[in-house]
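Below: the structure, in structure tokens.
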Number of protein chains: 2
Amino acid sequence: MTEEESIKINKFDSILKSARKLIGEEGFSNFTMDKLANNAGIAKGTVYLYFKNKNDVLENVLKSGFQNMFERMAHKVNNEKTPEEKIRTLIYENLLYINENKYFFKTVFLDEMNVVFLKKTSQESYNLRRKKYAEFISEIIKKGIDEGIFKNWLNPLKSGFYLISLIKTNAIYNFKTNAVEFDENLIKSEAIEIYNIFIDGVKN
Amino acid sequence: MTEEESIKINKFDSILKSARKLIGEEGFSNFTMDKLANNAGIAKGTVYLYFKNKNDVLENVLKSGFQNMFERMAHKVNNEKTPEEKIRTLIYENLLYINENKYFFKTVFLDEMNVVFLKKTSQESYNLRRKKYAEFISEIIKKGIDEGIFKNWLNPLKSGFYLISLIKTNAIYNFKTNAVEFDENLIKSEAIEIYNIFIDGVKN
DNA sequence: TATTATAATGACTTTATAGTCATAAGTCAA
DNA sequence: TTGACTTATGACTATAAAGTCATTATAATA
């Protein structure tokens with residue numbers, strides 16, 4: 001690597017670092033090229049010497065956030081023998097990685113779930129609705145725990161969110177794969193699938 | 001209700017309907033007040049006679065999308081006796097409702113998962129990364145099925161997405177509730193929690 | 001040191017879109 | 001029919017932020 005290249009890469013990296021920091025602090029929706037230049041201590045035009053455009057910055061921020069994650073996890077997981085051990089390691093390593101890149105993932109995840117076009121106050125009412133739903137489920141879970149059917153170490157509210165996320169993931173999966181109109185039977189079988197996975201997961 | 005009120009409400013509803021339609025077709029990020037007025041066949045100023053501002057429109061669109069969902073589900077669920085039956089019914093009714101409001105939920109869900117600030121092409125590479133990860137998990141699941149440990153009716157890829165969504169939901173839950181820095185032990189116990197739920201869910 | 005090449009600057013241009021408001025059209029009671 | 005009131009219009013304004021480019025500063029080279 002020549003020195004020029006190294007300087008160029010350093011600047012690239014330092015701009016990227018500023019971008020990550022800003023996005024981690026204020027989210028994607030408040031991220032502007034002016035703020036970026038300002039935070040990096042350079043002129044706006046300079047940013048465009050290192051990045052094609054704003055999208056290019058965002059893409060690199062995301063790329064850097066997920067950089068290494070996959071390789072590191074795959075490496076750890078491949079060292080395990082049984083499917084169960086692999087899954088246990090995968091979950092742990094994933095949580096660890098998320099925690100190591102806490103500010104980045106916090107923003108990405110919260111931005112993902114917050115219908116970012118809404119004003120703060122409307123986002124709150126949206127999240128409140130979600131929470132109310134999770135609380136409704138948590139009452140059912142609590143009852144199951146009290147009756148001794150469900151694992152007694154479950155966090156009922158968190159379990160409620162888990163179930164919601166399974167349902168949503170199922171819907172998204174089917175939105176993306178099923179071009180065809182899906183009928184009542186398909187819905188029924190999908191519901192049973194989620195039910196069997198979730199119930200066995202929470203049952204004693 | 002006087003006739004004026006009824007007219008006003010009809011117009012309110014018809015604008016809302018246009019908004020839902022547009023958002024369902026093009027997503028939140030492409031939704032503009034000009035398009036809305038145009039689609040509703042009225043002048044832009046008229047929209048502002050029925051809605052305070054854009055946020056007010058969006059809020060009403062979301063509200064209308066989730067309208068009745070909760071009450072309807074709660075009603076059905078409350079008719080069931082055991083926690084297990086309640087959960088089965090809840091899942092089915094939820095999937096049914098999502099399907100009945102397919103276009104609305106499709107947009108909301110996909111917008112949620114698509115880092116909307118990215119250009120289409122960058123979103124695709126982002127989704128590809130997610131898919132690659134799910135595929136990695138699906139290989140583990142397949143192995144578990146082959147070995148007879150896991151339920152043989154599992155869709156491995158979908159199960160991969162399920163696990164990712166559980167991990168993510170856990171992270172979000174902890175981001176929102178744990179103000180404190182969380183240490184390695186907490187991460188370990190969270191990982192074990194997810195592991196126990198997921199493994200029992202997929203195991204025979 | 002002088003000349004050329006490279007990097008950086010930031011004022012300016014462009015664009016998109018939210019929101020406004022003077023004007024016009026429509027409605028209805030007296 | 002008139003005039004007061006309500007509703008609707010869309011050209012216009014305001015604003016935010018992306019992206020540009022002529023100019024200037026810095027570094028490399030002869």
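Being a predicted model, the structure only gives us computed values, none of them experimental. The sequence lines fix the lettering, A, B, ..., with proteins before strands; numbering per chain opens at 1.
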Would you mind reading off the distance between [X] atom [atom1] and [N] atom [atom2], rounded to a whole angstrom?
X	N	atom1	atom2	value
B:I42	D:dA11	CD1	P	16 Å
B:N30	C:dT15	CG	P	19 Å
A:D56	D:dG19	CG	P	10 Å
A:F31	D:dA17	CZ	C1'	12 Å
B:L58	C:dG19	CG	C1'	15 Å
A:L49	C:dG10	CG	P	13 Å
B:N53	C:dT20	CG	P	9 Å
A:D34	C:dT15	CG	C1'	15 Å

Does A:E184 have more than 12 heavy atoms from other residues, nucleotides or ligands lying within 6.0 Å of its CD?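 No, not enclosed.
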Can you label the angle between the B:F109 ring and the A:F175 ring as parallel, tilted or perpendicular, going by 30° and 60°?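 Geometry flag for A:F175 against B:F109: tilted rings.
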Ring centres of [X] and [Y] under 6.0 Å apart?
X	Y	value
A:Y195	B:Y92	no
A:F66	A:Y97	no
A:F70	B:F136	yes

If each of A:G45 and A:M33 is mapped to the nucleotide of DNA chain D with the nearest heavy atom, which maps nearer the 5' terminus, i.e. the 5' end?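 This one resolves to A:M33.
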Among the candidates D:dT9, C:dG19, C:dA7, find the nucleotide nearest to the side-chain atoms of B:Y48.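 Side chain of B:Y48 sits closest to C:dG19.
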Candidate nucleotides C:dG19, D:dA8, C:dT9, ranked by approach to the side chain of B:Y50 - the nearest: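 For B:Y50, the side-chain atoms sit closest to D:dA8.
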Mark yes or no for a side-chain to base donor-acceptor pair under 3.5 Å between A:K11 and C:dA7, with no hydrogen or angle criteria applied.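 No.
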Need one value for B:T32: base, sugar-phosphate or nothing, where a base atom within 4.0 Å counts as base even if backbone is also close, heavy atoms only.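 If one applies the 4.0 Å heavy-atom cut-off, B:T32 turns out to touch the sugar-phosphate alone, with no base involved.
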Using a 4.0 Å heavy-atom cut-off across all strands, classify A:K54 as base, sugar-phosphate, or nothing.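 Counting heavy atoms under 4.0 Å across all strands, the contact made by A:K54 is with sugar-phosphate only.
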